[in-house]
Every structure is written in C-alpha cells, then in structure tokens.
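Reading through the structure tokens given below for one structure.
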Amino acid sequence: MRDLIEVCAPLILDSISELEISKEDMSNLIGPSTVGSMADIAIPCHSLSRILKKSPVEVSEHISGLISPSLQGLALTSSMNGFVNLKADPEWLASKTMGLLSDNMLGVKKDSPRKIIVDYSAPNVAKEMHVGHLRSTVIGDAIVRMLRFKGHEVIRENHIGDWGTPFGMLIEHLIDLGENSFTSDKAISDFDQFYKEARVKFNHDDLFAERARSRVVLLQAEDSDTLRLWKVLVDVSTAYFNEVYEMLDVLLDDDDIMGESAYRHLLPTVVERLRESGMLEESEGASVVYLGGKWVNREGAPFPVIIRKGDGGYNYSTSDLACIIDRVERISCDELMYVVGTPQKQHFEMVFEVASRAGFMDERHTATHINFGSVLDSNGKMLKSRAGQSAKLVDLLKESIIRADSAISEKNPELTGEDKARISKMIGIGAVKYADLSTDRSKDYIFDWDKMLSFEGNTAPYLQYSHARISRIFSLSPVSRESLRNSNIQLSTVEEEVLAKCIVNFAESLDKSIYSSHPHKLCTHIHATSSAFATFYEACPILKSEDDQIMISRLALCDLTARVISTGLDLLGIMSPEMM
RNA sequence: GGGCGUGUAGCAUAGCCUGGAUAAUGCACUGGCCUCCUAAGCCAGGGACCGCGGGUUCGAAUCCUGCCGCGCCCGCCA
C-alpha cells in the first residue's frame with residue numbers, strides 16, 4: 001500500500017498543521033497497518049499523547065476527525081485503541097487496479113540500469129550434481145530473472161570447478177579406464193562412481209598418487225595432451241550440466257560458463273599487483289595477505305588470506321581475486337553477486353576486503369555475497385554428499401515429475417498425452433524450485449522429500465492450480481483477455497477488495513524481494529494472492545454473475561490475478577500451466 | 001578460545017532490518033461445503049510464557065545486554 005501512503009501522507013500533514021506536531025514526527029508514524037483486516041495504513045498516536053497532553057485514544061479520534069475530509073475518495077478514516085486507521089477507498093483501489101490492466105509490468109517500475117554479474121550454480125567437473133547445487137542454481141536464477149525485469153543488464157557466470165589439484169587424479173583415472181569408456185552415455189550417469197574410484201586410488205595407491213601429482217604439474221604447464229584429456233572431462237561434464245539445467249528450466253547455458261580455468265592466466269597478475277601494493281607477505285614459504293582486525297585464528301594470531309601456497313600453487317582466494325579483476329576491468333560491471341553458501345561467508349568477506357584494499361574494485365562497485373543456508377536432512381544434520389546418502393539431482397527431479405504425473409492422473413484423468421507430460425514437468429520442477437525459494441535463503445533448509453513433492457499448502461502446485469483455474473475460466477468465457485484491457489473494475493465485495501489489494505501490492509512486494517535479494521518475499525506475496533483468489537472464487541460468481549458489468553469487472557480481476565501469478569512465478573523460474 | 005549465524009503452536013515456516021493493536025501461513029488435528037466457473041479448493045474451530053533472564057520504551061517476537069541450546073567458519077581444500 002505504498003502508493004496509498006504516498007498520496008495520503010502530504011494530505012495528512014497539511015490537515016494537522018494546526019497541531020503542535022512536527023511534520024517529521026508525523027511522517028514517521030504513518031505506516032502500513034499491522035492488522036490487515038482493520039486497515040491498510042495506521043498512525044499509532046501513543047507517542048503524541050505526551051505532546052498534546054491527551055490520551056492516545058483522544059488524540060487518535062481528534063486526528064481522525066481532522067484528516068478525514070481531505071482523504072475523501074482515497075481512504076476511509078477511523079480510530080481505535082489510539083490508532084488512526086485508514087482503509088483504502090474501494091473507488092481509489094478500483095481505479096488503481098484498472099490502471100494495471102494495460103500495464104505489462106503490473107506497476108513495477110524499472111530501475112536505472114546497472115551492469116550486474118551474478119555468479120551462481122558452480123558445479124564441479126567430473127562430479128555429480130547434488131541437492132546442494134540446487135540452492136545456488138535455483139536462487140541465483142530467480143535473482144537473475146528479477147534483476148532483468150527491473151531493467152538491469154545481468155550477466156550470468158557459472159564458475160564451475162574445472163581446475164586444480166583434483167584434476168591430476170581424475171585425468172590419470174581417465175587414462176586407466178580409457179577415454180572412450182568415459183565419453184559413452186553410460187558413464188555420464190556415473191560421475192560419483194568415477195570420482196570416488198579416483199579418490200580411492202589416490203589415497204591408497206602411492207604410485208597412482210605420484211602419477212596424479214605429476215599430471216597436475218603437466219596440466220598447469222598446459223601440456224597439450226594433458227589439456228586434451230582435461231577437455232574430455234570438462235566437455236562430458238558440461239554436457240551433463242546442460243542436461244540438468246534444461247530439465248530444471250534455468251537460464252544457464254554454455255555461454256555462461258566461466259570456470260576457474262578461465263582465470264588461470266590472471267593468477268600471476270593477482271600476485272604481482274598485491275606485491276606492488278605492498279600487501280603481500282611471506283609466511284612459511286607461502287605468499288599471504290594479513291588483513292589484521294578481527295581476522296585472528298584459534299590462537300589469537302593474525303590469520304592470512306593465502307594467495308600462493310608453499311608449493312607454488314594458487315589458492316581459491318587467488319582465483320576469486322582474479323575473477324574480480326576480470327569482472328571489473330574486462331566486463332566493467334557495477335555489481336558482483338555471488339550466490340554461494342553461508343559457510344563461505346568469511347571467505348568472501350576477506351576476499352572483498354583484499355580486493356578493495358588492493359584497488360581491484362572501488363566505491364563504484366558493490367560486491368555482495370548472496371549467502372544461503374545449508375541443506376539439512378530431516379534430522380537437522382548437514383546433508384553431505386560424502387555420506388553418499390544425498391540423492392543425485394537428476395534422480396530427484398525425475399522423481400518429482402513422476403509424482404506430479406501421478407497426481408494429475410488422480411486429480412484430472414482427462415489430461416493425457418503430451419499435455420500431461422508437459423504439465424507434469426512444469427509441476428514437478430516447479431515444486432522442487434518453489435520449496436527452495438519460498439523460505440528465507442539465509443537460513444538452513446530442511447530437505448524433506450515428501451513435503452517438497454506434496455501439492456498442498458504454500459507450494460508451487462497450489463499457485464499453479466490457481467493459475468490453471470483462471471485459465472479455465474477464460475477458456476469458457478465469451479470475453480477474451482485482450483478485450484479486458486480498458487474495462488471497468490468495481491469492487492463490491494470484501495473478497496474483491498482483498499484480491500485487488502494483492503494485485504496492486506505486487507510491485508511493492510517484488511521490489512522488497514529484489515532489493516533484499518530474498519526471493520521468498522515474492523513467494524509469500526504470490527501465495528497471498530492465490531489464497532485471496534481462492535476465497536474470491538468461492539464467494540463471487542464470475543461467468544454466472546448477476547450482470548455483464550460485474551462479469552467484466554470480475555474477469556478483469558481474474559486476468560490481473562493470473563498475470564500476477566504467472567509473472568511472479570516466471571520471475572522465480574517457474575512455469576504457469578494453463579491447465580492441470 | 002575468537003568470529004558469524006540461528007532458536008516463533010506437534011512439525012515446517014513468515015514477521016525482526018525500519019518497535020505499535022488479538023503474533024501470520026501451511027502441514028497435521030476437529031467439524032462443515034462438490035445436481036453450481038477444476039474440491040490440488042473453500043469456510044469454521046482448537047492449538048504459541050516468540051529459547052531464558054535483565055535493560056531501553058507509553059509500547060519489544062522485533063532494539064541493547066548477559067546466559068543456554070544448536071550450527072557453521074577460523075593458514076596452505078573449493
């Protein structure tokens with residue numbers, strides 16, 4: 001209801017000018033009501049009580065009387081318990097709602113465009129994708145979509161793990177198995193097996209371990225044969241990632257891949273620049289940066305960011321610093337966003353601090369760690385891929401689609417064939433994504449198979465169902481959706497009013513969601529909208545309404561509701577089926 | 001030891017940034033609603049010392065502080 005506050009606030013301030021209250025004090029008190037059913041805007045008058053030497057109840061009654069005339073046609077004024085309550089006038093609400101009928105943005109205003117890099121997903125080459133990767137991929141994708149909608153230039157970067165010491169053992173294992181065995185389709189489905197075998201050999205076979213270490217040296221020297229083998233691993237892996245991305249319906253593709261290997265030539269530059277700036281120190285053979293301040297270790301000694309290891313190899317931090325240089329200087333972005341788990345919070349704080357101090361980025365750039373909680377099992381324990389328990393992402397997605405399919409069979413037997421397959425996918429994938437997006441990303445996430453795939457409550461299928469119901473109405477309607485763009489909306493029932501408010505509030509909710517990078521805020525709003533629609537749907541006949549005026553008005557509300565849901569879901573990366 | 005985070009009905013969550021009224025939502029539970037636009041739905045109801053104690057305030061789930069529980073991070077993994 002920020003629009004209503006915006007129009008009402010100046011009028012309220014004018015009407016109370018005779019009182020001994022500063023405009024600033026008053027402005028601060030005007031805010032959204034916390035009791036939705038009572039009002040849209042509330043002014044708590046308790047703090048004014050002392051200034052005006054009257055009880056809060058008297059103050060609120062007095063102010064209510066003063067401002068009421070000037071808010072004619074905007075809001076209905078009342079007072080209770082020392083609060084002035086303003087309720088949107090149905091006329092104002094109706095005209096506001098009508099204004100959105102011809103607005104493809106549903107009231108959302110574009111920001112002045114910035115160039116934003118969103119770093120997300122980041123699976124590892126020659127490793128299976130697990131549920132852990134799901135969070136980064138799904139959250140990052142939603143953020144990309146929302147930022148684009150707000151008018152920004154968004155560049156996706158998939159920082160895949162395609163470089164580093166593990167590749168010595170992986171390549172040697174590939175040699176042992178024979179290249180061809182790996183490039184066959186069968187092998188693609190068995191990355192975990194491949195990785196584990198390599199790891200076991202590395203740990204227990206000294207000869208193999210030695211080969212692996214030599215191979216790393218060759219890789220870093222860019223020996224052509226080694227690079228070719230490395231490329232086999234990368235290509236097979238990225239093909240597999242793409243398969244998962246396509247299934248997940250996320251925007252990532254080959255063009256977005258900027259793996260660690262892409263920055264390897266920049267690593268010496270990082271060291272040079274840090275050395276030039278005088279930040280680099282030597283410690284036990286390694287090149288490090290001490291940030292000081294709160295960065296101390298267990299013993300209270302300063303603890304460093306390792307830039308170059310004692311063996312000459314580079315570290316994770318170095319790669320991230322190179323990454324910043326590349327993004328700032330080559331791409332010249334304004335913002336850098338990293339959709340990476342909370343455990344790496346400290347790492348990013350330190351890397352950002354090093355980058356700022358070294359001048360890799362300055363006050364024109366903002367770097368943000370979009371952190372997210374760990375995936376826990378139903379016992380509240382970390383879901384670790386090493387435990388071998390966590391399901392492969394593809395299997396999970398397949399399972400979800402199968403469950404959606406059987407739900408459709410039960411609920412709507414008329415839906416068959418290709419339609420059914422298409423919609424099962426929308427629902428199954430949507431359920432998995434929404435389960436992840438609908439809770440505060442910064443908290444840990446309890447991975448509950450049954451809950452995720454249940455189609456009741458605050459879930460994607462519920463929202464999709466609302467959308468399908470509306471689509472159904474239009475398929476039976478004599479009036480097309482396009483023809484409703486200039487129609488008149490009248491809000492004659494409470495249910496219509498509540499629904500209209502949800503529609504009008506969409507832009508505000510989306511803004512809150514994107515400015516905080518918290519997709520769950522948008523989820524909460526779409527769910528509230530769907531819920532308001534369900535109530536409206538039960539209470540208000542649409543195609544069977546008493547006259548054509550009302551039917552048109554209600555159809556217009558349906559159209560807007562469907563657009564709020566489908567636009568909202570689309571921004572979350574979830575499809576809106578027209579039937580289910 | 002230091003740092004960061006977290007604790008809200010049986011379960012899962014929102015609200016906390018920016019303090020306001022009877023703490024919101026879903027699952028589960030109880031009772032109603034399909035000759036009528038999709039019941040994957042709706043309506044009604046029960047269920048919460050908002051981890052515990054102090055403090056600030058007219059007013060605290062929200063801000064400050066102490067404690068307790070849980071989790072993560074703390075030099076050559078990413």
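Convention: sequence-line order gives letters A, B, ...; per-chain numbering from 1.
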The side chain of [X] lies closest to which of these nucleotides: [options]?
{"X": "A:Y316", "options": "B:rA40, B:rA78, B:rG75", "value": "B:rA78"}
{"X": "A:S47", "options": "B:rC77, B:rC58, B:rG75", "value": "B:rC58"}
{"X": "A:Y462", "options": "B:rC42, B:rC76, B:rA40", "value": "B:rC42"}
{"X": "A:T439", "options": "B:rA14, B:rG15, B:rG75", "value": "B:rA14"}
{"X": "A:M580", "options": "B:rG20, B:rA40, B:rA12", "value": "B:rA40"}
{"X": "A:H46", "options": "B:rG71, B:rC58, B:rC76", "value": "B:rC58"}
{"X": "A:Q344", "options": "B:rA14, B:rG71, B:rA78", "value": "B:rA78"}
{"X": "A:T535", "options": "B:rC42, B:rG75, B:rG20", "value": "B:rC42"}
{"X": "A:N81", "options": "B:rU13, B:rG15, B:rA21", "value": "B:rA21"}
{"X": "A:A286", "options": "B:rA21, B:rG15, B:rC76", "value": "B:rC76"}

Check this for me, if you would: do A:R275 and A:E282 make a salt bridge, where the nitrogen-to-carboxylate-oxygen distance has to be below 4.0 angstrom?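 The answer is yes: the pair qualifies as a salt bridge.
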Is A:E578 salt-bridged to A:R422, going by a charged N under 4.0 Å from an acidic O?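 A salt bridge is present here (some side-chain N lies under 4.0 Å from a carboxylate O).
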List the steps, then state whether side chain to side chain donor-acceptor pair (under 3.5 Å) holds for A:N505 with A:R2. CA-CA 8 Å; A:N505 283 339; A:R2 66 178 174 195; over 6 Å; no
Does B:rC50 fall in syn (glycosidic angle within 90° of 0) or anti?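 B:rC50: anti.
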Contact letters for nucleotides 25-37 of chain B, in which S counts primed atoms plus P, OP1 and OP2 and B counts the base, heavy atoms under 4.0 Å: SSSS-------SB
What does nucleotides 2-7 of chain B look like as a protein-contact string, B for base, S for sugar-phosphate only, - for none, at under 4.0 angstrom between heavy atoms? S-SS-S
Going by the angle between their ring planes, with limits at 30° and 60°, are [X] and [Y] parallel, tilted or perpendicular?
{"X": "A:H133", "Y": "A:H130", "value": "parallel"}
{"X": "A:F533", "Y": "A:Y537", "value": "tilted"}
{"X": "A:F303", "Y": "A:W295", "value": "perpendicular"}
{"X": "A:F348", "Y": "A:F352", "value": "tilted"}

With rounding to the closest Å, how many angstrom separate the [atom1] atoms on [N] and [M]?
{"N": "B:rG75", "M": "B:rC70", "atom1": "C1'", "value": "27 Å"}
{"N": "B:rC77", "M": "B:rG15", "atom1": "C1'", "value": "39 Å"}
{"N": "B:rG51", "M": "B:rG5", "atom1": "C1'", "value": "15 Å"}
{"N": "B:rG66", "M": "B:rC4", "atom1": "P", "value": "12 Å"}
{"N": "B:rA61", "M": "B:rC74", "atom1": "P", "value": "37 Å"}
{"N": "B:rU18", "M": "B:rU30", "atom1": "P", "value": "44 Å"}
{"N": "B:rG47", "M": "B:rA12", "atom1": "C1'", "value": "15 Å"}
{"N": "B:rA9", "M": "B:rC50", "atom1": "C1'", "value": "10 Å"}

Validation row, ring centre A:F202 to ring centre A:H173 under 6.0 Å: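 No, the ring of A:F202 stays outside the 6.0 Å limit from the ring of A:H173, centre to centre.
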Results of ring pair (Phe, Tyr, Trp, His ring centres under 6.0 Å) for A:H62 - residues two or more places apart only: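 Once residues adjacent in sequence are excluded, A:H62 has no partner under the ring pair (Phe, Tyr, Trp, His ring centres under 6.0 Å) criterion.
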Evaluate ring-ring contact (aromatic ring centres under 6.0 Å, His included) for A:H159 paired with A:Y263, printing each intermediate quantity in order. CA-CA 10 Å; A:H159 197 84; A:Y263 302 96; 5.5 Å; yes
Quick check on RNA chain B: between A:P166 and A:C45, whose nearest nucleotide comes earlier from the 5' end?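 Result of the comparison: A:C45.
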What contact category does A:N124 fall into here, base, sugar-phosphate, or nothing, at under 4.0 angstrom with non-hydrogen atoms?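 Touches nothing.
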With sugar-phosphate meaning primed atoms plus P, OP1 and OP2, does A:A122 contact a base, only sugar-phosphate, or nothing at under 4.0 Å between heavy atoms?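 A:A122: no heavy atom of the nucleic acid under 4.0 Å.
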Base B:rA21 to side chain A:T34, donor-acceptor N/O within 3.5 Å cut-off: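 Flag set: donor-acceptor pair detected.
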With no angle test and no hydrogens, is the base of B:rG75 tied to the side chain of A:S283 by a donor-acceptor pair under 3.5 Å?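 Between B:rG75 and A:S283, which were checked side chain against base, a qualifying N/O pair under 3.5 Å is present.
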Would you say the side-chain atoms of A:N458 and A:Y434 include a donor-acceptor pair closer than 3.5 Å?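 Yes.
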How would RNA chain B look in dot-bracket form, 5' to 3', counting Watson-Crick and G-U wobble pairs with both distances under 3.5 Å and writing | for bases paired to another strand? (((((((..((((......[...)))).(((((.......))))).....(((((..]....))))))))))))....
Whether A:H518 contacts B:rC17 is assessed here as follows: a side-chain N or O lying under 4.0 Å from the phosphate OP1 or OP2. Is that the case?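 Indeed not, no polar side-chain atom of A:H518 lies that close.
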Write out all pairs satisfying salt bridge (Lys or Arg N to Asp or Glu O under 4.0 Å) with one or both partners inside residues 444-453 of chain A, taking only residues at least two apart or from two chains.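 Every salt bridge (Lys or Arg N to Asp or Glu O under 4.0 Å) pair that includes a residue of residues 444-453 of chain A, provided the two are not neighbours, is A:R403-A:D450.
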Pairs flagged by ring pair (Phe, Tyr, Trp, His ring centres under 6.0 Å) wherever residues 25-53 of chain A is involved - sequence neighbours left out: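 Found A:H46-A:F83.
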